[in-house]
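The next block holds one structure in the form of structure tokens; read it before the comments.
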Amino acid sequence: MTLRLQDVSKSLDGQTHIYPLSLELQKGTMNVLLGPTSSGKTSLMRLMAGLDRPDSGKIYWEGKDVTGQRVQARDIAMVYQQFVNYPSMTVYENIASPLRIQKRSSAQIDAKVHEMAELLQLTSILHRMPDEISGGQQQRCAIARALVKDVGLVLMDEPLANLDYKLREELRSEIPRLFAASGSIFVYATTEPEEALLLGGNTATLWEGRVTQFGPSMEVYRQPADEITARVYSDPPMNFMSVRKGAGSFHYKSGQSFAADEGLADLPDGEYRAGFRAHHLEIGESTAGKLAFDAKLIVTEITGSETFIHVEAAGERWIGLVPGIHTFKVGQNFQICLNPESIFYFDQQGRLAVGSNPETGQMRA
Amino acid sequence: MEKTVNQRAWILVLPVVLLVAFSSVIPMMTVVNYSFQDSFRGNDFFWVGLEWYSELLRSERLWDALGRQLLFSFIILLIEIPLGILIALSMPKKGWLASLCLVLIALPLLIPYNVVGTIWQIFGRSDIGLLGRVLIDLGFSYNYAQNAFDAWATVIAMDVWHWTSLVALLSYAGLRSIPSAYYQAAKIDQASRWSVFRYIELPKLRGVLIIAVLLRFMDSFMIYTEPFVLTGGGPGNATTFLSIDLVKMALGQFDLGPAAAFSLMYFLVILLISYVFYTVMISIDKDETKQ
């Protein structure tokens with residue numbers, strides 16, 4: 001079972017939702033579509049599902065062209081951000097409904113429903129109606145309804161977005177288990193980089209209707225192909241500054257310079273963009289081997305155990321995530337520093353600068 | 001602790017008290033007063049106790065009118081509710097066509113009752129009316145002024161024409177509030193059109209349909225103007241519904257006592273039936289979600 005999209009594109013009302021893109025999803029893989037709101041995640045899923053027809057390009061399922069096939073004839077299931085269940089049916093009937101349409105025997109249906117209910121912890125509420133159970137349970141019911149059909153392709157469009165934080169974490173931790181039990185191709189859309197990492201599998205980063213990179217999630221995270229991918233795959237977004245390379249070293253605006261990594265030493269001299277993630281920023285006086293900047297505080301957001309600090313430094317606006325609670329005053333000046341080893345370098349076209357050894361060239365946590 | 005007594009509040013409430021008193025409480029009490037008395041020449045009153053009530057309860061005329069009224073409301077609901085839903089389902093979902101449809105559908109609602117009556121009265125006339133003339137030319141014998149069935153059919157047609165729009169608009173609003181994800185999910189589940197209606201649209205419409213049934217019931221139970229304009233309650237007593245009978249009694253015969261007793265009973269009947277309707281439908285609502 002593979003799903004292959006070849007040069008598919010989609011526009012609606014003169015707006016391009018998906019620029020021609022190709023993607024191949026393998027049997028039994030978890031694939032995360034990661035991108036901000038209106039980056040084309042839902043549009044792409046609708047194409048995969050057959051709810052929309054691509055304007056151009058072909059879609060192959062197990063090598064067979066299914067581009068024009070109606071959604072009813074496809075072997076798919078979908079879970080939405082809203083909790084979609086039949087309002088007048090019990091949880092049991094909801095889970096059973098796809099099987100009833102397939103005209104399975106009632107013994108078979110009963111066994112299947114109980115198996116799904118067990119898997120999703122719905123057994124005790126099988127007789128309840130959707131509007132009597134919590135949001136998390138409603139979404140479990142919707143997921144059970146999707147998985148009970150044993151389809152080849154399961155599409156989940158931000159299924160946890162409408163749940164509160166606790167329920168979201170709980171259900172998220174179960175999704176890899178459900179996925180492993182099903183053996184289908186999973187496609188999971190989310191706006192949260194953290195979610196993509198937790199789910200593992202592959203990640204396709206989306207930006208304005210284009211897939212900027214597709215590969216194993218950890219690899220995409222540690223070696224983003226370009227600036228946009230790095231931006232999408234960082235929360236809060238990646239911080240940037242300009243840097244000049246010359247004579248085997250990177251020269252920063254702060255006046256400091258550091259010798260380029262072994263992999264990057266042979267990069268051509270010139271201007272580069274340096275990017276780093278929020279959690280690499282540190283507060284305090286510089287120690288040896290670290291980059292130091294004078295920063296001015298714009299605002300702080302305290303989450304409880306960590307503090308987001310929005311600062312102005314090196315002529316840029318950065319966000320840092322530092323452990324502990326820090327109560328700076330707005331406008332206060334202080335020192336921040338940064339380990340140069342956590343920096344990604346991008347060339348003027350926004351591509352990740354990869355030196356002589358692309359395998360180890362720039363692997364950052 | 002000392003309580004502050006604020007007498008000014010009375011002054012602030014006074015306008016409402018006066019308004020309600022003059023617009024409903026006092027007229028209502030006058031009616032109650034009349035219903036216990038007999039009058040001669042409109043100004044000599046005698047106390048008769050519950051006589052009018054017991055007389056009315058034994059009067060065949062009232063029971064007949066009530067029977068006609070119930071049958072009428074039943075038929076109206078039976079036609080208007082499904083028809084309204086059907087219209088709402090077949091209306092376009094968005095675009096200029098949807099706006100156009102909404103305006104066209106809302107038009108009948110803007111027309112006053114007596115104008116509707118007059119329109120259909122002329123429309124159905126067997127000598128010059130478009131409908132009446134065409135029916136007769138097609139070989140049907142149609143005359144609402146002489147045939148009771150024809151009169152009923154005309155009054156029902158009038159009400160359906162006038163009020164189905166209300167049900168359609170309410171249902172349309174209900175349908176529009178169903179998230180599109182439900183339809184997609186049903187599509188993916190390979191559900192039939194009927195299943196989509198039965199298991200998604202109808203349950204989601206339940207709230208507005210309860211309102212629609214209640215509104216249409218109460219309103220049709222008080223129908224007066226249309227049959228009055230059409231035949232004045234005839235032929236014979238065929239379209240003499242409760243309110244027409246009431247007006248005949250009160251103004252035609254000037255029997256203030258019985259008319260007052262009649263209107264109070266009429267009021268109670270509407271209140272009672274609406275209450276029963278409401279309770280039953282709300283409990284169905286609860287049962288369905290509890291099972």
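A, B, ... follow the sequence lines: proteins, then strands. Residue 1 opens every chain. Side-chain atoms are counted along with the backbone in the values below, which use heavy atoms only and exclude waters and symmetry mates.
- Within the 4.5 angstrom heavy-atom criterion, atoms from both the backbone and the side chain of A:Y86 approach chain B.
- Only the backbone of A:F83 has a heavy atom closer than 4.5 Å to any heavy atom of chain B.
- Using a 4.0 Å cut-off between charged nitrogen and carboxylate oxygen, A:D75 and A:K149 do not count as a salt-bridge pair.
- For the pair B:R193 and B:F197, the cation does not sit on the ring face, since its NZ or CZ is not both under 6.0 Å from the ring centre and inside 45° of the axis.
- The residue among A:R70, A:R74, A:M89, A:Q102 with the most heavy atom pairs within less than 4.5 Å of chain B is A:M89.
- In this structure, A:E192 and A:R168 have side chains that are in contact, with non-hydrogen atoms separated by less than 4.5 Å.
- Listed for the A:T29 side chain is no donor-acceptor partner under 3.5 Å among the backbone atoms of A:N31.
- Sorted by first then second residue, the side-chain hydrogen bond (donor to acceptor under 3.5 Å, both in side chains) pairs that include residues 78-97 of chain B, not counting sequence neighbours, are B:E80-B:R216.
- Both the backbone and the side chain of A:I76 come within contact range of chain B, each with at least one heavy atom under 4.5 Å from a heavy atom of that chain.
- Inspection of non-hydrogen atoms places A:R46, A:L51 of residues 44-59 of chain A under 4.5 Å from chain B.
- For residues 103-123 of chain A, every residue pair satisfying the salt bridge (Lys or Arg N to Asp or Glu O under 4.0 Å) rule, not counting sequence neighbours, is listed here: A:K112-A:D150.
- At a 4.5 Å heavy-atom cutoff, the contact between A:N85 and chain B is made by backbone atoms alone.
- Applying the salt bridge (Lys or Arg N to Asp or Glu O under 4.0 Å) definition to pairs two or more places apart or across chains, those involving residues 90-99 of chain A are A:E93-A:R100.
- Taking every heavy atom of both residues into account, B:P179 and A:Q82 meet most closely at CB-NE2, 3.7 Å.
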